[in-house]
Amino acid sequence: MNLEHTTPELFTALAKMQGEVENATKGSLNPHFKSKYADLAEVLNTVRPVLAANGLSVIQSPSFDGSTCHVTTTLAHSSGGYITGTMSCVPAKQDGQGIGAATTYLRRYSLAAVCGVAQEDDDGQTASHSKPASHPLISAAEAARIKENIAELGIDEGAFMLHYGVKSITSLTTDKVASIDKAFIAKANNVLKNQTTV
């Protein structure tokens, strides 16, 4: 986000606007996830009157470079000050529909972000490739090895599980193993270093 062209009047108006604006209503249905979200029209309907009432306006400029969609959002104030920021994503499909969906998603997300409005993000799954990958749980042997390393290195098991967002060692997924082993090596080296300096 570029803040080089801001003015005190812009920040005053933005603070006032954010104190008045409400969150966007989740009125659209995502058929894939069977959940509701606030679409672009709803976000626009929510923020546009409050922006205008405070001397603020929004310009959104989409572009496509052959592989990635970009939307540059400019929040401008009547005093002449403005803020710009660009968001990008790779569309799920490289056709008009895919590019349109990604552009709409970026416009909605950027607009809500710059205005400080909350809105559910369910339809982003159809706009972008970035779907969360599901990974299998680690094996019992892997869990036993990790538990043994935790004990040998004097690591707090509760803090370890909190760090990795699990309730038990056996709930860890295979994608976490590489970073766990890297952390174990760093911890072991640190222990060894402390022992040699004593």
Side-chain angles (χ1 to χ4, degrees), residues 1 23-40 42-43 62 64-71 85-114 116-195:
M1 181 170 281
N23 287 330
T25 304
K26 300 170 189 175
S28 294
L29 179 67
N30 183 326
H32 183 69
F33 290 95
K34 304 223 176 356
S35 55
K36 289 189 173 183
Y37 68 96
D39 62 10
L40 175 60
E42 182 58 37
V43 176
F64 180 64
D65 62 13
S67 62
T68 306
C69 291
H70 311 274
V71 169
T86 301
M87 294 190 69
S88 308
C89 75
V90 176
K93 293 181 181 178
Q94 299 284 327
D95 58 12
Q97 187 176 4
I99 294 166
T103 299
T104 299
Y105 169 71
L106 290 171
R107 285 188 63 198
R108 179 174 65 84
Y109 197 94
S110 301
L111 180 62
V114 77
V117 173
Q119 35 84 58
E120 199 161 309
D121 194 22
D122 299 325
D123 70 326
Q125 297 293 337
T126 63
S128 171
H129 281 296
S130 55
K131 297 181 180 179
S134 57
H135 298 277
L137 294 175
I138 61 172
S139 65
E142 192 73 270
R145 180 186 71 82
I146 289 172
K147 202 170 178 65
E148 186 178 326
N149 282 331
I150 288 171
E152 285 180 0
L153 293 168
I155 297 170
D156 184 297
E157 189 170 318
F160 175 90
M161 290 188 293
L162 184 65
H163 177 76
Y164 287 99
V166 293
K167 293 184 178 179
S168 67
I169 302 298
T170 54
S171 297
L172 288 165
T173 50
T174 54
D175 60 308
K176 302 285 195 307
V177 173
S179 65
I180 288 170
D181 284 342
K182 187 176 178 181
F184 282 160
I185 291 168
K187 176 71 173 175
N189 287 339
N190 192 42
V191 169
L192 186 62
K193 183 181 176 182
N194 288 339
Q195 287 175 345

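Everything numeric in this text was worked out from a predicted model, so none of it was measured.
A heavy-atom distance below 4.5 Å is found between the side chains of K176 and T173. Taking 4.5 Å as the limit, every side-chain heavy atom of P62 sits out of range of all side-chain heavy atoms of L106. Side-chain contact between L172 and E142: absent, with no pair of heavy atoms (C-beta onward) separated by less than 4.5 Å. Between T103 and V71, some side-chain heavy-atom pair lies under the 4.5 Å cut-off.
Partners of D65 under the side-chain contact (heavy atoms from CB on, under 4.5 Å) rule, at least two apart in sequence or in another chain, are S67, T68, H70.
One distance of note links CD1 of I150 with CZ of R145; it measures 10.0 Å at 0.5 Å rounding. If you take CG on N149 and CG on D181, they are separated by 7.5 Å, rounding to the nearest 0.5 Å. Of the inter-residue distances, the one linking I138 atom CD1 with T174 atom OG1 reads 9.0 Å to the nearest 0.5 angstrom. Going from atom NZ of K147 over to atom OG1 of T170 covers 8.5 Å, rounded to the nearest 0.5 Å. Interatomic distance, L162 CG to E157 CD, rounded to the nearest 0.5 Å: 12.5 Å. Separating the CE atom in M87 from the OH atom in Y105 is a distance of 6.5 Å, to the nearest 0.5 Å.
Annotation for Q97: atom CD does not count as buried by contact number, only 12 or fewer foreign heavy atoms lying within 6.0 Å.
Using a cut-off of 4.0 Å between Lys/Arg side-chain N and Asp/Glu carboxylate O, E42 and R108 are scored as not salt-bridged.
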